[in-house]
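Data first, discussion second: the structure below is written as structure tokens.
The analysis underlying the following values was restricted to heavy atoms, covering all of them including side chains, and did not include hydrogens, waters or symmetry mates.
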Amino acid sequence: MRLSNLFFTTLRDDPADAEMPSHRLLLRAGYVRQLGAGIYSLLPLGFRVSKRVEQVIREELNAIGGQEMEMPVVHPADLWRETGRYDAIGPEMARFKDRGDRDMVLAMTHEEVVADLLRDIVRSYRQLPMVIYHFQTKFRDEPRSRGGLIRVREFVMKDSYSCDRDEAGLDVNYWAHHRAYTRIFERLGLPAIPVSSDVGMMGGSLAHEFMFLNPAGEDVLVLCEACGYAANRQVAPSTTAAPGPEDLLPMEEVHTPDATTIDALASFLGVPTSRTAKAFFVVAGDGRFIVAIVRGDHDVNETKLVNAVQAKGGIRPAQVEEILARGMQAGYGSPIGARDAVVVVDSLVAQSPNLVAGANKPGYHILNTNLGRDYQADLVADISNVREGDACPKCGGPVILRNGIEIGNIFKLGTKYTKALGAEYLGEDGERHPIVMGSYGIGLGRNVACIVEAHHDEKGIVWPAEVAPYPAHLVAIGANKDPRVTEVAEQLYAAAAAAGDARQILFDDRDDSPGVKFTDAELLGMPWLLTVSPRSLASGGVEVTERATGARSVRSIEHVTEFLEGRAATPA
RNA sequence: CGGGGCGUGGCGCAACGGUGGCGCACGUGCUUUGGGAGCACGAGGUUGUGGGUCCGAAUCCCACCGCCCCGACCA
């Protein structure tokens with residue numbers, strides 16, 4: 001591709017809205033353009049990268065027996081009503097009516113369609129197991145997009161679905177995907193950490209997320225450097241040791257003016273925060289009022305809380321009036337005297353005697369409160385966040401917390417969707433059984449962005465060879481001084497073009513100064529820069545620069561041609 | 001949805017009550033070709049939209065729209 005003809009432009013200045021390196025560089029180098037909040041076009045360069053990422057995924061999924069297909073973006077709402085998700089999912093699903101006034105949705109994912117196909121096609125156990133996948137656009141009307149391509153509303157995702165006779169079969173496919181993902185991210189140049197994760201809206205019994213560590217990541221990971229333990233904080237068990245037994249002391253109300261925070265309370269009373277209890281008020285989507293109690297030195301993990309109370313439709317913070325109506329007082333709250341509220345007590349609180357808790361009246365707390373004696377719990381569960389330095393649940397060593405971006409996930413769905421839609425097969429035993437499903441996703445654009453996050457320097461992008469839009473970037477310098485420059489450059493370009501689309505290279509044939517060409521070449525980030533100039537010709541051929549290292553050498557035209565034609569791994 | 005910020009040419013910015021400029025990019029010509037070249041000429045804006053205040057609004061006020069950041073939310 002000749003740069004004089006490529007649909008792109010580079011920007012000298014950073015776009016004001018781009019903060020993450022990947023966002024900044026992909027915009028500046030002309031790979032993507034934004035159309036609206038969380039909606040992007042892929043320009044030819046970006047599209048080529050995306051296609052290369054797609055090909056890596058395709059190869060690895062084919063290698064575990066995946067069959068590629070394609071499912072629609074627009075679905076009849078009735079299909080989603082059958083699984084209950086039409087009502088369960090909120091405004092993030094885009095809904096509209098077609099001309100016949102039928103309710104339609106834009107696909108957020110494709111479990112329903114898969115299960116619908118299964119009930120249509122699968123009759124016998126002999127047709128199982130199998131894995132199908134596709135690359136398809138999803139639309140999720142996220143409340144907030146962010147970070148360039150990291151979190152968008154419209155995106156292409158590879159999603160695969162395993163279909164098995166039983167749990168044992170699902171287990172096999174689940175781990176086959178786990179291994180395939182490991183290979184995919186390795187080939188993409190993405191250091192990925194598989195972590196145990198929450199099953200979220202997908203439902204299911206087991207899930208892993210493949211995480212790319214990045215400060216902009218929206219998930220917090222609990223990692224143990226000693227033993228390799230890795231989990232999303234949403235599922236990492238809290239391990240804080242319970243204090244030793246103590247005699248239960250009598251409750252005593254104390255005046256604690258302006259002590260509306262745990263820190264203020266602890267310093268006012270001169271006690272450690274671990275001797276206090278914190279009340280957290282939320283309302284579940286089903287209307288239940290929940291008061292969650294954790295120790296003052298901990299925070300509530302909302303995902304754990306949602307799971308503990310099985311809150312359909314999630315939770316939202318409670319309003320002050322709602323808290324008062326239940327006999328409690330924000331800032332001085334506790335379950336003591338609470339009414340019409342589901343009391344959820346963190347396991348650690350249940351084991352910590354004589355805690356300071358709110359008196360449910362302004363300016364007062366109560367010393368020596370104890371679960372069971374002074375208030376009752378509807379539920380005792382681990383609902384608190386793991387903290388940096390807490391004991392690893394596996395080996396006991398200190399854990400660290402890191403932010404991560406989810407670049408892939410795998411879910412054991414089980415029979416949730418196939419049961420709802422009646423996707424069954426006739427088993428060897430002559431009985432009907434629901435098909436057992438797994439679902440596995442990788443977002444293409446997010447992966448492209450993460451590759452840039454992992455592979456760039458101050459000058460621009462540094463594509464790993466596996467995903468670079470073109471293997472090399474050819475620059476001709478000083479053509480006016482020596483006609484052989486153009487001649488040789490054209491010869492190299494033609495040799496690459498003749499070797500097929502995958503070998504095609506970028507050729508900067510623009511009438512620009514050397515500085516512009518070199519700067520753009522570095523910004524665009526092809527693995528190899530090939531410079532033809534009077535100087536290079538005088539020293540024997542073509543100057544070859546490796547983008548990643550900056551290492552330069554001069555190689556013969558013949559040698560470089562071997563690379564361009566795919567007969568040598570590198571031109572260096 | 002809460003908090004904050006920003007909307008001025010393709011990009012980055014200035015002008016902050018008195019007829020909208022600058023840099024880069026863009027077009028033409030000449031010069032220039034190993035690190036974002038030089039000179040000359042030129043094109044490009046109903047200052048996000050609507051209302052209001054004022055003799056006069058890019059500028060002040062209100063509403064709306066859009067975008068970004070933090071939070072809420074989130075396979």
Quick one: label [X] by what it contacts on the DNA or RNA (base, sugar-phosphate, nothing), any heavy atom closer than 4.0 Å.
{"X": "Phe155(A)", "answer": "base"}
{"X": "Thr486(A)", "answer": "nothing"}
{"X": "Asp14(A)", "answer": "sugar-phosphate"}
{"X": "Gly408(A)", "answer": "nothing"}
{"X": "Pro15(A)", "answer": "sugar-phosphate"}
{"X": "Thr9(A)", "answer": "nothing"}
{"X": "Lys481(A)", "answer": "sugar-phosphate"}
{"X": "Gly90(A)", "answer": "nothing"}

Measuring to OP1 and OP2 of [N], would you say a side-chain N or O of [X] lies under 4.0 angstrom away?
{"X": "Arg146(A)", "N": "rG71(B)", "value": "yes"}
{"X": "Ser513(A)", "N": "rA37(B)", "value": "yes"}
{"X": "Gln34(A)", "N": "rC68(B)", "value": "yes"}
{"X": "Lys459(A)", "N": "rG35(B)", "value": "no"}
{"X": "Arg12(A)", "N": "rA25(B)", "value": "yes"}

Roughly how many Å is it from [atom1] in [X] to [atom2] in [N], rounded to a whole number?
{"X": "Arg510(A)", "N": "rG27(B)", "atom1": "CZ", "atom2": "P", "result": "12 Å"}
{"X": "Leu524(A)", "N": "rG36(B)", "atom1": "CG", "atom2": "P", "result": "17 Å"}
{"X": "Glu209(A)", "N": "rC74(B)", "atom1": "CD", "atom2": "P", "result": "13 Å"}
{"X": "Asp520(A)", "N": "rC11(B)", "atom1": "CG", "atom2": "C1'", "result": "14 Å"}
{"X": "Asp17(A)", "N": "rG7(B)", "atom1": "CG", "atom2": "C1'", "result": "10 Å"}
{"X": "Arg144(A)", "N": "rC69(B)", "atom1": "CZ", "atom2": "C1'", "result": "6 Å"}
{"X": "Leu523(A)", "N": "rG36(B)", "atom1": "CG", "atom2": "C1'", "result": "11 Å"}
{"X": "Arg28(A)", "N": "rG10(B)", "atom1": "CZ", "atom2": "P", "result": "19 Å"}

Rounding to an integer number of angstrom, what distance separates [N] and [M] when you compare their [atom1] atoms?
{"N": "rA14(B)", "M": "rG48(B)", "atom1": "P", "answer": "14 Å"}
{"N": "rG51(B)", "M": "rG44(B)", "atom1": "C1'", "answer": "30 Å"}
{"N": "rC73(B)", "M": "rG20(B)", "atom1": "C1'", "answer": "42 Å"}
{"N": "rG34(B)", "M": "rA40(B)", "atom1": "P", "answer": "24 Å"}
{"N": "rG9(B)", "M": "rG27(B)", "atom1": "C1'", "answer": "15 Å"}
{"N": "rC68(B)", "M": "rC62(B)", "atom1": "P", "answer": "24 Å"}
{"N": "rG18(B)", "M": "rC60(B)", "atom1": "P", "answer": "11 Å"}
{"N": "rU49(B)", "M": "rU8(B)", "atom1": "P", "answer": "10 Å"}

Please pick, from [options], the nucleotide with the shortest atom-to-atom distance to any side-chain atom of [X].
{"X": "Pro143(A)", "options": "rA72(B), rC67(B), rC74(B)", "result": "rA72(B)"}
{"X": "Ala16(A)", "options": "rC74(B), rG12(B), rC67(B)", "result": "rG12(B)"}
{"X": "Leu11(A)", "options": "rA72(B), rC11(B), rG34(B)", "result": "rC11(B)"}
{"X": "Glu19(A)", "options": "rU33(B), rG23(B), rC69(B)", "result": "rC69(B)"}
{"X": "Pro514(A)", "options": "rG71(B), rG34(B), rG36(B)", "result": "rG34(B)"}
{"X": "Asp511(A)", "options": "rA37(B), rU33(B), rG35(B)", "result": "rU33(B)"}

Do [X] and [Y] make a side-chain contact, defined as non-hydrogen atoms from C-beta onward lying under 4.5 Å apart?
{"X": "Ile64(A)", "Y": "Asn173(A)", "result": "no"}
{"X": "Phe563(A)", "Y": "Arg555(A)", "result": "no"}
{"X": "Asp219(A)", "Y": "Asn403(A)", "result": "no"}
{"X": "Ile461(A)", "Y": "Leu523(A)", "result": "no"}

Does a side-chain N-to-carboxylate-O contact under 4.0 Å join Arg2(A) and Asp508(A)? no
Check ion pair Arg153(A)-Glu92(A) (N to O, under 4.0 angstrom): no
Most 5' of Glu302(A) and Ala476(A) on RNA chain B, judged by nearest nucleotide: Ala476(A)
On RNA chain B, check which nucleotide each of Asn409(A) and Gly148(A) is closest to and give me the residue with the more 5' one. Gly148(A)
Would you kindly check whether a donor in the side chain of [X] faces an acceptor in the base of [N], or vice versa, at under 3.5 angstrom?
{"X": "Arg316(A)", "N": "rC73(B)", "answer": "no"}
{"X": "Glu218(A)", "N": "rG71(B)", "answer": "no"}
{"X": "Arg552(A)", "N": "rG35(B)", "answer": "yes"}
{"X": "Asp512(A)", "N": "rG36(B)", "answer": "no"}

Secondary-structure notation, RNA chain B, from Watson-Crick and G-U pairs under 3.5 angstrom (| other strand): (((((((..((((....[..)))).((((((.....)))))).....(((((..]....))))))))))))....
Only one of Leu530(A), Leu524(A), Leu529(A) passes side chain to side chain contact (heavy atoms under 4.5 Å, CB included) with Met526(A); say which it is. Leu524(A)
Atom CZ of residue position Phe96(A) - does it have more than 12 heavy atoms of other residues, nucleotides or ligands inside 6.0 Å? yes
Please report the C-alpha distance between Arg81(A) and Asp87(A) in whole Å, then the side-chain angles of each, then the deciding distance to 0.1 Å, and finally whether the salt bridge (Lys or Arg N to Asp or Glu O under 4.0 Å) criterion is met. CA-CA 7 Å; Arg81(A) 288 196 177 100; Asp87(A) 298 312; 5.6 Å; no
Got a second to check how far Ser197(A)'s OG is from Phe411(A)'s CZ, nearest 0.5 Å? 5.5 Å
With Glu111(A), the salt bridge (charged side-chain N to carboxylate O under 4.0 Å, His left out) member among Lys416(A), Arg85(A), Lys138(A): Arg85(A)
